[in-house]
Amino acid sequence: EQILEAARSIAAATAALVKAAGTAQKELV
Amino acid sequence: MPVFHTKTIESILEPVAQQVSRLVILHEEAEDGNAMPDLARPVQVVKMAVDNLVKVGYDTVNVSEDQILKQDMPPALQRVEEASFLLLDASDMLRADPYSAPARKKLIEGSRGILQGTSALLLAFDESEVRKIIRICKSVLEYLAITEVVDCMEDLVKFVKNLSPVLTKMAKEVDLREKELTHQVHREMLVRSLEEVKALTPVLISAVKIFVSTKSQGAGGVKESQGNRDFVVRKLCDEINEIIRVLQLTTYDEDEWE
């Protein structure tokens, strides 16, 4: 269960990071 | 079309997989792209989450008695950790040059690495959970193997008393697993085999009872009742072996997608 929670946190943090980076790119597209 | 074979893994990885794919497409379309925002904070949040996963992962490896998990989990943890270093590098490079192409490349590589490493980790963990269910299934098989030594009513009562909890546990675990799977064909296969096991269990007990009665009465028909008992045992073992086989499947049946 702890593994799943830790993986969930990483996935959420990575999605937020990538979204932030993607938003900057999208403005140009 | 499901990419991840369990609902838990899908719920964890699907949103990040979508974001990473989107970033890759945007990166390819935008070529040099706009100036990147300062990603230091979100990268730091990822790094903290990675540090926690690495700690929890090695704790799990240390206490686990599953040798395959002990072998499979560390490379996945290393993968995630290395990917987080790529993200840190990318963040530093982008702060110095918000248009840096190598930094964007590193950002994508790092995000992909986190996704792939976390996926490998969850798969290793999931396979370990499946092995636990398989152990329960095998304990039922071992128990069924002693059916042939049941030759009096007292043995039969003991046999049923011992078999029932293991069978109930197996049915519960397989039922939960079936509900976890994203692959419809595998789910249906598990449901069918489990229903067959449930239907055959009273048939087995009845068959053993008839064999014991026939034998104790010294009348004819012992051979036939023994044959019937063995036939039911074989059917049950076949279904449980099928459950074990399907539990280990992770690839997808191409026909279903057609």
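Below, chain A is the first sequence line, B the second, and so on; all start at residue 1.
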Practice prompt. Report the distance from atom CG of B:Asp126 to atom CG of A:Leu4, rounding to the nearest 0.5 Å.
Written response: 9.0 Å
Item to complete: Search all heavy atoms of A:Ala20 against all heavy atoms of B:Pro37 and return the closest pair with its distance.
Response: O-CG, 3.9 Å
Discussion item. Counting only heavy atoms from other residues, nucleotides and ligands, does the tally under 6.0 Å from CD of B:Gln78 exceed 12?
Written reply: yes
Worksheet item: So which heavy atom on A:Ile3 is nearest to which on B:Gly57, and how close?
Response: CD1-CA, 3.6 Å
Fill in: Flag side-chain contact, heavy atom, 4.5 Å: B:Arg41 against A:Leu17
no
Worksheet entry | CZ/B:Arg112: more than 12 non-hydrogen atoms of other groups inside 6.0 Å | no
Item to complete: Might you confirm whether atom NZ of B:Lys7 has over 12 heavy atoms from other residues, nucleotides or ligands at distances under 6.0 Å?
Response: yes
Fill in: Enclosure of B:Lys169 NZ (heavy-atom neighbours >12, cutoff 6.0 Å)
no
Worksheet item: Does a sphere of radius 6.0 Å around NZ in B:Lys198 hold more than 12 heavy atoms from other residues, nucleotides or ligands, not counting ones at 6.0 Å or beyond?
Response: yes
Worksheet item: Say you draw a straight line from CD of A:Glu1 to CZ of B:Phe125; how long is it, rounded to the nearest 0.5 Å?
Response: 7.0 Å
Worksheet item: Heavy atoms, side chains only, cut-off 4.5 Å: are A:Glu5 and B:Val56 in contact?
Response: no
Practice prompt. Could you check if a side-chain atom of A:Arg8 sits within less than 4.5 angstrom of a side-chain atom of B:Ser11, using non-hydrogen atoms only?
Written response: yes
Discussion item. Is the shortest side-chain heavy-atom distance between B:Leu115 and A:Thr14 below 4.5 Å?
Written reply: no
Item to complete: Could you pull out the closest heavy-atom pair between B:Leu107 and A:Ala21, with the gap in Å?
Response: CD2-CB, 3.5 Å
Worksheet item: Nearest heavy-atom pair of A:Ala7 and B:Ile12: which atoms, and what distance?
Response: O-CG2, 3.8 Å
Worksheet item: If you count heavy-atom pairs under 4.5 Å with chain B, which of A:Ser9, A:Ala12, A:Ala13 comes out on top?
Response: A:Ala13
Worksheet, complete the sentence: When the 4.5 angstrom heavy-atom criterion is applied to B:Leu87 and chain A, the contacting part is side chain
Worksheet item: Any side-chain heavy atom of B:Ile108 sitting closer than 4.5 Å to one from A:Val18?
Response: no
Fill in: Gap separating the NZ atom of A:Lys19 from the CD atom of B:Gln18, nearest 0.5 angstrom
11.0 Å
Worksheet entry | Atom group of B:Met48 that falls short of 4.5 Å from chain A, counting heavy atoms | neither
Worksheet item: Which bit of B:Val54 comes within less than 4.5 Å of chain A, counting heavy atoms only: side chain, backbone, both or neither?
Response: neither
Practice prompt. Considering non-hydrogen atoms only, spot the tightest contact between B:Ile114 and A:Ile10 and give its length.
Written response: CG2-CG2, 3.4 Å
